[in-house]
A.B. asks: 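Structure incoming, see below.
Note that the structure is a prediction, hence the values are computed from the model and not measured.
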There are 2 protein chains.
Amino acid sequence: MNFRKLKVFTTVCDCGSMSGAAKKLYMTQPAVSQAILELEEELDVHLFDRINKKLLLTYPGEVLLEYARRIHVLVEEAQSTMKDIANMNTGKLRIGASTTIGTYLLPEIIRSFGQKYKNIDIPFAIDNTGAIEKMLLENSIDIGLVEGPIHSKDIIVKPYMDDELFIICSKNHPWAARKRIGPGTISDQNIIIREQGSGTREVFENTMSKHNIPYSIKHVLNNTEAIKKAVEANIGVSVVSEIAIKEEIKSGRLVKINFEGVRFLRKFNIIYHKDKYHSKLFEEFLGHLCSGNF
Amino acid sequence: MNFRKLKVFTTVCDCGSMSGAAKKLYMTQPAVSQAILELEEELDVHLFDRINKKLLLTYPGEVLLEYARRIHVLVEEAQSTMKDIANMNTGKLRIGASTTIGTYLLPEIIRSFGQKYKNIDIPFAIDNTGAIEKMLLENSIDIGLVEGPIHSKDIIVKPYMDDELFIICSKNHPWAARKRIGPGTISDQNIIIREQGSGTREVFENTMSKHNIPYSIKHVLNNTEAIKKAVEANIGVSVVSEIAIKEEIKSGRLVKINFEGVRFLRKFNIIYHKDKYHSKLFEEFLGHLCSGNF
DNA sequence: TAGTAAAATAATATGATATTATTAAATATA
DNA sequence: TATATTTAATAATATCATATTATTTTACTA
């Protein structure tokens, strides 16, 4: 018993004759007769009575026909669904992003991609870079967007976009009115910054030590929004990605400071497992990221 | 895509490896690899990622697995049901019977057969012999039990049992006390009898005219039970099959009369279409009828 | 650095499933 | 009543799907 024989069987039932079914299936009549015979021998039942020249289903024939139709419907549905997946009419792509990207970039990326490809499910996880890397290695996400460095050699890292961190202060802070600020001045300030392990903090500390600028940290907050509010309230100054403060800079609630001769630069990266098969959907998402149309 | 490839696919998913699946399916690893490859090419999707040496389902792979499992369950169920039918653990046999047989014999036949073969569905129809013959020709029943003659040459007729009709009267009727009754005496009686077309009436009239016995009919009832009640009430005498009056004779409410030199004999027949396939169940039912174990 | 295990690849063998040709049986048609 | 016509069964053979064997590649392990 296989799908082919069941298809022949249902067609014979529909046509009421072997030769009719043969014509419909573009095969010869003996092939049809043989398929039915094989079914009957294999299942040890008679499927048809031939009364008055017509083929009439026996009881086991009727029962088998019911099953054959149900099986056929399922198979058709499976094929149609797979076709939809192949054509990207449906699908799933699991994204992971580190905190800053996940908070300030990913929502719009997913929204615009979802607009282009309806019925695509895009579950996403937001965590620090190390956790996102681990998820990739465990195959619990397909693509990652991270700000920090990747250690596994099994992961392919592609530059996504450049990011810059800026020192920020309140509009009421003395710095807000000044044009040129020497980096050494920061030693007098109350510095608010993200926790250890944060990519933002890592870039800040590395850059500061590279330039031998002394500083001391006053407040540690594991939440960029909380930091922004604290800075707005003039509790201190901080350093954050430019993508996190677009609104506040525009409205003037926060002020971006350029230290003379010091820039906090880093790259956002796209990461995926080297063994990952690049489905059409996968490639489309990468293309969407690089197009920047969002 | 066919059952074989889906089975290979689900086994690979269960085992987590191609060679493991090969072992489980008693085939070689290349055969498994090839089946998976063919599935992927045919459906135009990748089913597995090979990350960290392990085979991991892709999204389309997960979707296909769902369908494959559901299809597999249905196929198994179909095969198991057909096996049940082949072994007569389940089945269906459609019986037709003419009125007298259907009323007085069939219930016990079906009850005892059903006791021997549980889960066998035995729908039955009761009508006159001509209607039962027509049902056989239309294949709306499988086996008929009739008292009248069959006209179609496409129907096989096998004698089932001999039947005899008897003149009956009430225990209060003058005949009840007499031993010998000449058939001519009936011309004085109020005769109650079944309608035209009834097998019982046909045998009665044929036999009477064969012996040139004059008679006149007073009451016509299309229901043997009604006739028996009327005779019990001494409204008249009638003629009925011996199988219809066992209880009443035993209890003495009715009395069987033997006309000297006249017997109303007929045969009950088993009928079925000459082209009908004789399934095991069919043969078992015929055997049950002939065994008389009920 | 060799050894082991899993999977891919290629060549070939086997088995399932076609086709062609023919026969048989039943109907329809002249 | 004889003669096409239709339908299905049967047998011989051809073709295609799917198996095996042998080999290579790759990654992991001792």
Side-chain angles (χ1 to χ4, degrees), chain A residues 1-43 46-58 61 75 137-139 152-156 273-277, chain B residues 1-43 46-58 61 137 139 152-156 273-277:
Chain A
M1 173 162 156
N2 58 33
F3 184 53
R4 186 188 58 91
K5 286 176 191 172
L6 287 186
K7 178 71 194 168
V8 169
F9 173 61
T10 56
T11 310
V12 169
C13 293
D14 292 341
C15 295
S17 83
M18 305 272 191
S19 49
K23 201 171 288 177
K24 206 167 183 176
L25 293 166
Y26 301 104
M27 53 202 275
T28 56
Q29 167 263 315
V32 171
S33 295
Q34 196 177 319
I36 297 297
L37 203 79
E38 282 166 15
L39 263 186
E40 290 183 324
E41 282 179 358
E42 189 183 339
L43 300 173
H46 243 243
L47 297 171
F48 297 104
D49 276 312
R50 271 187 60 208
I51 291 180
N52 299 329
K53 208 191 155 188
K54 280 189 176 178
L55 286 178
L56 294 169
L57 276 172
T58 60
V75 170
L137 292 171
E138 286 170 345
N139 190 39
S152 166
K153 61 177 175 47
D154 290 340
I155 290 181
I156 291 175
H273 199 285
K274 72 171 171 44
D275 296 334
K276 190 75 188 174
Y277 173 74
Chain B
M1 173 165 158
N2 57 34
F3 293 156
R4 186 189 60 90
K5 286 177 190 171
L6 288 185
K7 178 70 193 167
V8 169
F9 173 62
T10 56
T11 309
V12 170
C13 293
D14 292 342
C15 296
S17 83
M18 304 272 190
S19 48
K23 201 171 288 177
K24 205 167 185 177
L25 293 166
Y26 302 103
M27 53 201 275
T28 56
Q29 167 264 316
V32 171
S33 295
Q34 195 176 320
I36 297 297
L37 202 79
E38 282 167 14
L39 263 186
E40 291 184 323
E41 282 180 359
E42 189 183 339
L43 299 173
H46 242 243
L47 297 172
F48 296 104
D49 276 312
R50 270 187 61 206
I51 291 180
N52 298 330
K53 208 191 159 190
K54 280 189 175 177
L55 285 179
L56 294 169
L57 275 174
T58 60
L137 292 172
N139 191 40
S152 166
K153 61 177 175 44
D154 290 340
I155 290 181
I156 292 175
H273 199 285
K274 72 172 172 43
D275 296 334
K276 190 75 188 175
Y277 173 75

A.B. asks: Is there any protein nitrogen or oxygen under 3.5 Å from a nitrogen or oxygen in nucleotides 13-16 of chain C, and what are the pairs?
C.D. replies:
none

A.B. asks: For nucleotides 9-15 of chain D, print each protein N/O atom paired with a nucleotide N/O atom at under 3.5 Å, atom names and distance only.
C.D. replies:
unit_1: D:dA9; atom_1: OP2; unit_2: A:S33; atom_2: OG; d: 3.0
unit_1: D:dA9; atom_1: N7; unit_2: A:Q29; atom_2: NE2; d: 2.8
unit_1: D:dA9; atom_1: N6; unit_2: A:Q29; atom_2: OE1; d: 3.2

A.B. asks: With side-chain contact (heavy atoms from CB on, under 4.5 Å) as the criterion, how do B:L47 and A:Y277 come out once you've worked through the C-alpha distance, each side chain's angles and the decisive distance to 0.1 Å?
C.D. replies: CA-CA 10 Å; B:L47 297 172; A:Y277 173 74; over 6 Å; no

A.B. asks: Take the protein atom CZ of B:F48 and the nucleotide atom P of C:dA7, then report the distance between them rounded to whole Å.
C.D. replies: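 One finds 10 Å between P of C:dA7 and CZ of B:F48, rounded.
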
A.B. asks: Mind checking A:S17 for me? I need base, sugar-phosphate or nothing, with any heavy atom below 4.0 Å counting as a touch.
C.D. replies: sugar-phosphate

A.B. asks: Give each protein N/O atom lying under 3.5 Å from an N/O atom of nucleotides 28-30 of chain D, with the pair distance.
C.D. replies:
none

A.B. asks: For A:V75 and B:M1, run side-chain contact (heavy atoms from CB on, under 4.5 Å): C-alpha distance rounded to whole Å, both residues' side-chain angles, the deciding distance at 0.1 Å, then the answer.
C.D. replies: CA-CA 9 Å; A:V75 170; B:M1 173 165 158; 4.1 Å; yes

A.B. asks: Would you call A:K7 and A:L25 a side-chain contact if the rule is heavy atoms closer than 4.5 Å?
C.D. replies: yes

A.B. asks: Got a sec, which residues hit side-chain contact (heavy atoms from CB on, under 4.5 Å) with A:R50, two or more places apart in sequence or on another chain?
C.D. replies: A:L55

A.B. asks: Starting at the 5' end of DNA chain D, which residue's closest nucleotide do you reach first, B:A31 or A:K274?
C.D. replies: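 Nearer the 5' end of the strand: B:A31.
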
A.B. asks: Between A:M27 and B:D275, which has a closest nucleotide on DNA chain C that is more 5'?
C.D. replies: A:M27

A.B. asks: Would you mind classifying the nucleic acid contact of B:I36 as base, sugar-phosphate or nothing, using non-hydrogen atoms under 4.0 angstrom?
C.D. replies: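 Counting heavy atoms under 4.0 Å across all strands, no contact is made by B:I36.
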
A.B. asks: Going by the side-chain hydrogen bond (donor to acceptor under 3.5 Å, both in side chains) test, which pairs reach into residues 16-30 of chain A, not counting sequence neighbours?
C.D. replies: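 Non-adjacent pairs meeting side-chain hydrogen bond (donor to acceptor under 3.5 Å, both in side chains): A:Q29-A:S33.
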
A.B. asks: What pair of heavy atoms forms the shortest contact from B:K5 to B:L39, and how long is it?
C.D. replies: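 The answer is O-CD1, 3.8 Å.
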
A.B. asks: Round to the nearest Å and state the distance from A:I51 atom CD1 to D:dA8 atom P.
C.D. replies: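 Whole-Å distance recorded here is 15 Å.
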
A.B. asks: OP1 or OP2 of D:dA19 less than 4.0 angstrom from a side-chain nitrogen or oxygen of B:T28, does that happen here?
C.D. replies: no

A.B. asks: Whole angstrom is fine here: how far is it from CZ in A:F9 over to P in C:dT17?
C.D. replies: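 Rounding to the nearest Å, CZ of A:F9 and P of C:dT17 are 17 Å apart.
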
A.B. asks: For the pair A:T58 (side chain) and A:H46 (backbone), establish whether a donor and an acceptor sit closer than 3.5 Å, ignoring hydrogens and angles.
C.D. replies: yes

A.B. asks: Ignoring hydrogens, what is the shortest heavy-atom contact between B:D49 and A:D275? Give both atom names and the distance.
C.D. replies: OD1-O, 3.9 Å

A.B. asks: What is the nucleic acid contact for A:L25, judged by heavy atoms within less than 4.0 Å: base, sugar-phosphate only, or nothing?
C.D. replies: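 Answer is nothing: A:L25 stays at 4.0 Å or more from every strand.
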
A.B. asks: Would you say the ring centroid of B:F9 lies under 6.0 angstrom from that of B:F48?
C.D. replies: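 That pair passes the under 6.0 Å test.
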
A.B. asks: Could you check whether atom NZ of A:K274 has more than 12 heavy atoms from other residues, nucleotides or ligands sitting under 6.0 Å from it?
C.D. replies: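 Yes - once you tally the heavy atoms of other residues, nucleotides and ligands closer than 6.0 Å, there are more than 12.
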
A.B. asks: Using a heavy-atom cut-off of 4.0 Å across all strands, would you classify B:S19 as base, sugar-phosphate, or nothing?
C.D. replies: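 It contacts sugar-phosphate atoms only.
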
A.B. asks: Going through the checks in order, is the side chain to side chain donor-acceptor pair (under 3.5 Å) test met by B:K276 and B:N139?
C.D. replies: CA-CA 9 Å; B:K276 190 75 188 175; B:N139 191 40; 3.2 Å; yes

A.B. asks: What is the separation between atom CD on B:E42 and atom C1' on D:dA17, rounded to the nearest whole Å?
C.D. replies: 12 Å

A.B. asks: Rounded to whole Å, please give me the gap between NZ in A:K23 and C1' in D:dT7.
C.D. replies: 11 Å

A.B. asks: Could you pull out all residues at least two apart from A:H273 that satisfy ring-ring contact (aromatic ring centres under 6.0 Å, His included)?
C.D. replies: none

A.B. asks: Check the distance between C:dA26's C1' and A:K54's NZ and give it to me in whole angstrom.
C.D. replies: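 Going from A:K54 (NZ) to C:dA26 (C1'), I get 15 Å.
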
